[in-house]
Amino acid sequence: MQRSEVQTHLLQGLEVDFHPGQHKYFEGGTEIQGVTRSAGMTKDTGFLAPWGAKAGAEEADKIFKAKKTDELKRLEYSERIRNAWRKVQQSGADYGNVAHDYLEAWGLSQLGKAPKPPAPVNREVKKTVKPFLKWAKDNKIELIATEQVVLYIGDGHRYAGTLDLQFRIDGKNAIGDYKTGTRVGIDAVWQMAMYANAFEQCFPDQPKIDSLFIFHLPKKNGRKNMKVIELTREDFDWRYAPALGAIKAQEFQIKRSMK
């Protein structure tokens, strides 16, 4: 599916429009806050400053190797150093999107909705997706759905998100999410918990979710091997997860009132 195609999903009696390119959700023309933004409140951002400084330093190192410079070049170099982190961030996002798209195509082929995709041409992307494909085969997972849009409706707030995959493993009902970033923090866990609550609200006739899986995929300059994180209801009470959506909605109201 093209990332520019708008998808309409009927969820809990509402038509929810999902814009894959922007990764935004709308109902009746009004944007619905996304899971990632809400769960992001729990994210540890302490590493961002050192990460940005490292990106700037690496770009500066490239510049210092230049033999000549002048006033205009200095201006250009200053902009390159200042925005180096954006370039690195975009590169990572592009890489993640390519890997994610391949795994989505694989999932659709497993469900009989599309032909099996050819192996990735890029060697690094191949190294990223291959461990998950092997894990899925070795664990004999039963894929149920991919890219499932879900909606949660709470007391005065809503949030929406897209599940990477829903599956059964060892008799358990599970949902999973692919991650290609440098690190996986607690916000990723709360993100999955928000998905689980929204899924169960959208599909009350389906079995409840037993496990949340996060697949931290390997990639160049990142993890060397895939890490599989599984959390169950015994690990923490994920019924509290929708509160993040409520807090984010209230945060929006507070900011608007403070203007």
Side-chain angles (χ1 to χ4, degrees), residues 9-12 16 18 25 34-43 99-100 103-104 106-113 129 131-155 157-181 183-218 223 225-247:
H9 301 265
L10 182 62
L11 300 168
Q12 305 197 59
V16 177
F18 173 48
Y25 305 86
V35 168
T36 303
R37 187 182 302 174
S38 299
M41 291 186 291
T42 65
K43 187 173 185 177
H100 185 280
L103 290 172
E104 178 185 351
W106 166 83
L108 291 173
S109 72
Q110 294 295 299
L111 295 171
K113 297 181 178 181
V129 302
F132 172 78
L133 300 179
K134 184 178 186 303
W135 180 89
K137 182 179 180 180
D138 291 346
N139 287 276
K140 300 177 181 178
I141 72 167
E142 177 190 347
L143 198 60
I144 299 173
T146 63
E147 300 302 302
Q148 177 67 64
V149 175
V150 291
L151 170 70
Y152 184 90
I153 301 177
D155 183 12
H157 76 283
R158 300 178 297 180
Y159 66 76
T162 303
L163 299 172
D164 281 347
L165 67 164
Q166 177 195 357
F167 59 99
R168 285 183 60 78
I169 179 171
D170 297 329
K172 298 179 294 185
N173 299 300
I175 56 175
D177 200 48
Y178 308 121
K179 297 295 185 186
T180 56
R183 64 182 67 198
V184 169
I186 194 172
D187 57 303
V189 177
W190 282 116
Q191 180 181 352
M192 293 302 297
M194 292 181 73
Y195 283 144
N197 282 276
F199 174 87
E200 292 177 354
Q201 193 183 75
C202 283
F203 308 108
D205 294 335
Q206 292 199 33
K208 289 187 175 296
I209 302 301
D210 300 310
S211 294
L212 312 176
F213 280 84
I214 298 172
F215 303 102
H216 193 185
L217 305 175
R223 286 198 62 83
N225 301 296
M226 182 177 75
K227 181 179 181 180
V228 178
I229 302 170
E230 178 186 5
L231 295 115
T232 70
R233 295 178 188 273
E234 295 180 355
D235 294 313
F236 76 110
D237 191 341
W238 62 56
R239 292 176 300 173
Y240 292 107
L244 293 171
I247 293 172

Peer 1: Working to the nearest 0.5 angstrom, can you tell me the gap between Ile175 CD1 and Ile214 CD1?
Peer 2: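 Here the rounded value is 9.5 Å.
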Peer 1: Would Tyr25 and Val35 count as a side-chain contact (heavy atoms from CB on, under 4.5 Å) here? Give the steps.
Peer 2: CA-CA 10 Å; Tyr25 305 86; Val35 168; over 6 Å; no
Peer 1: What are the two closest non-hydrogen atoms of Ile153 and Gln201, and how far apart are they?
Peer 2: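 Distance-wise, the nearest heavy atoms are N-OE1, 2.7 Å.
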Peer 1: Hey, could you give me the CD1/CG distance between Ile141 and Leu165, rounded to the nearest 0.5 Å?
Peer 2: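 So the gap between those two atoms works out to 6.0 Å.
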Peer 1: Checking side-chain contact (heavy atoms from CB on, under 4.5 Å) for the pair Tyr159/Thr36: CA distance, chi angles, key distance, verdict?
Peer 2: CA-CA 10 Å; Tyr159 66 76; Thr36 303; over 6 Å; no
Peer 1: Report yes or no: does His216 contribute a side-chain atom to a donor-acceptor pair with the main-chain N or O of Asn225 at less than 3.5 Å?
Peer 2: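 Not at all, since once roles are kept as given, no pair shorter than 3.5 Å links the two residues.
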Peer 1: Nearest 0.5 angstrom please: Thr42 OG1 to Asp187 CG, how far?
Peer 2: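 If we round to the nearest 0.5 Å, Thr42:OG1 and Asp187:CG are 4.5 Å apart.
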Peer 1: Sort out for me which residue in Asp177, Asp164, Thr180 forms a side chain to side chain donor-acceptor pair (under 3.5 Å) with His100.
Peer 2: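 Testing His100 for a side chain to side chain donor-acceptor pair (under 3.5 Å) against Asp177, Asp164, Thr180 leaves exactly one candidate, Asp164.
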Peer 1: Take a 6.0 Å sphere around CG of Asp237 and say whether it holds more than 12 heavy atoms from other residues, nucleotides or ligands.
Peer 2: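 Counting other residues, nucleotides and ligands, CG of Asp237 exceeds 12 neighbours.
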Peer 1: Please report the interatomic distance OG1(Thr162) to NE2(His9), rounded to the nearest 0.5 Å.
Peer 2: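 Reported value, rounded in 0.5 Å steps: 7.0 Å.
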Peer 1: Pair Met41, Ile247 - check side-chain contact (heavy atoms from CB on, under 4.5 Å), show working.
Peer 2: CA-CA 9 Å; Met41 291 186 291; Ile247 293 172; 3.9 Å; yes
Peer 1: With a 4.5 Å cut-off on side-chain heavy atoms, are Leu231 and Met192 touching?
Peer 2: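 They are not in side-chain contact.
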Peer 1: Would you check if the side chain of Asp138 reaches a backbone N or O of Trp135 as a donor-acceptor pair within less than 3.5 Å?
Peer 2: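 Not at all, since once roles are kept as given, no pair shorter than 3.5 Å links the two residues.
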Peer 1: Please report the shortest heavy-atom distance between Phe199 and Pro207, naming the atom on each side.
Peer 2: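 So the two residues come closest at CE2-O, 4.1 Å.
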Peer 1: Are Ser38 and Trp190 side-chain neighbours, meaning at least one heavy-atom pair lies under 4.5 Å?
Peer 2: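 A side-chain contact under 4.5 Å is absent here.
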Peer 1: How about Tyr152 and Gln12: do any of their side-chain heavy atoms sit closer than 4.5 Å?
Peer 2: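 When only atoms from C-beta onward are counted, Gln12 and Tyr152 do not touch, as no gap falls below 4.5 Å.
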Peer 1: Of all the heavy-atom pairs spanning Leu111 and Ala145, show the shortest one and how long it is.
Peer 2: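 For Leu111 and Ala145, the tightest heavy-atom pair comes out as CD1-CA, 4.0 Å.
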Peer 1: Search all heavy atoms of Thr232 against all heavy atoms of Ser211 and return the closest pair with its distance.
Peer 2: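 Answer, listing the atom of Thr232 first, then Ser211: CG2-OG, 3.6 Å.
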Peer 1: May I ask you to decide whether Asp170 forms a salt bridge with Lys172, counting only side-chain N to carboxylate O separations under 4.0 Å?
Peer 2: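 No, Asp170 and Lys172 are not salt-bridged.
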Peer 1: Could you tell me whether a side-chain N or O of Tyr195 sits under 3.5 Å from a main-chain N or O of Val150, the two making a donor and an acceptor?
Peer 2: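 No, because the side chain of Tyr195 does not come within donor-acceptor range (under 3.5 Å) of the backbone of Val150.
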Peer 1: Tell me whether the rings of Phe215 and Phe213 are parallel (<30°), tilted (30 to 60°) or perpendicular (>60°).
Peer 2: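 Because their plane-to-plane angle is under 30°, the rings of Phe215 and Phe213 count as parallel.
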Peer 1: Taking Ile209's backbone N and O only, do any of them form a donor-acceptor pair with Arg233's side chain (distance below 3.5 Å, no angle check)?
Peer 2: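 Side chain of Arg233 to backbone of Ile209, a donor-acceptor pair under 3.5 Å: yes, one is there.
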Peer 1: Trp238 and Val189: side-chain contact (heavy atoms from CB on, under 4.5 Å), yes or no, with the steps?
Peer 2: CA-CA 9 Å; Trp238 62 56; Val189 177; over 6 Å; no
Peer 1: Over all heavy atoms of both residues, which pair between Ile169 and Ala174 is shortest? Give the atoms and the distance, please.
Peer 2: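 That closest heavy-atom pairing would be CG2-CB, 4.4 Å.
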Peer 1: Mark yes when over 12 heavy atoms from residues, nucleotides or ligands other than Arg37 sit less than 6.0 Å from its CZ; otherwise mark no.
Peer 2: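 It does not: Arg37 CZ has 12 such atoms or fewer within range.
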Peer 1: Heavy-atom distance under 4.5 Å between the side chains of Val129 and Leu217, does that happen here?
Peer 2: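 A side-chain contact is absent here, since even the closest heavy-atom pair is not under 4.5 Å.
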Peer 1: Would you give the length of the straight line joining atom NZ of Lys208 to atom CG of Asn197, rounded to the nearest 0.5 angstrom?
Peer 2: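 Those atoms lie 8.5 Å apart.
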Peer 1: Any ion pair linking Lys113 and Glu147 (charged N to carboxylate O, less than 4.0 Å)?
Peer 2: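 Looking at Lys113 together with Glu147, the answer is no, because their closest N to O distance does not fall below 4.0 Å.
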Peer 1: Mind listing the closest non-hydrogen atom pair of Ala188 and Lys179 along with its distance?
Peer 2: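 In this case the closest contact between Ala188 and Lys179 is CB-CE, 4.0 Å.
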Peer 1: Quick one: pull up CZ in Arg168 and CD1 in Ile144 and give me the separation to the nearest 0.5 Å.
Peer 2: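 It comes to 6.5 Å.
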Peer 1: Heavy-atom count check: over 12 atoms from other residues, nucleotides or ligands less than 6.0 Å from Tyr240 OH?
Peer 2: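 Counting neighbours around OH of Tyr240, 12 or fewer heavy atoms of other residues, nucleotides or ligands fall under 6.0 Å, so no.
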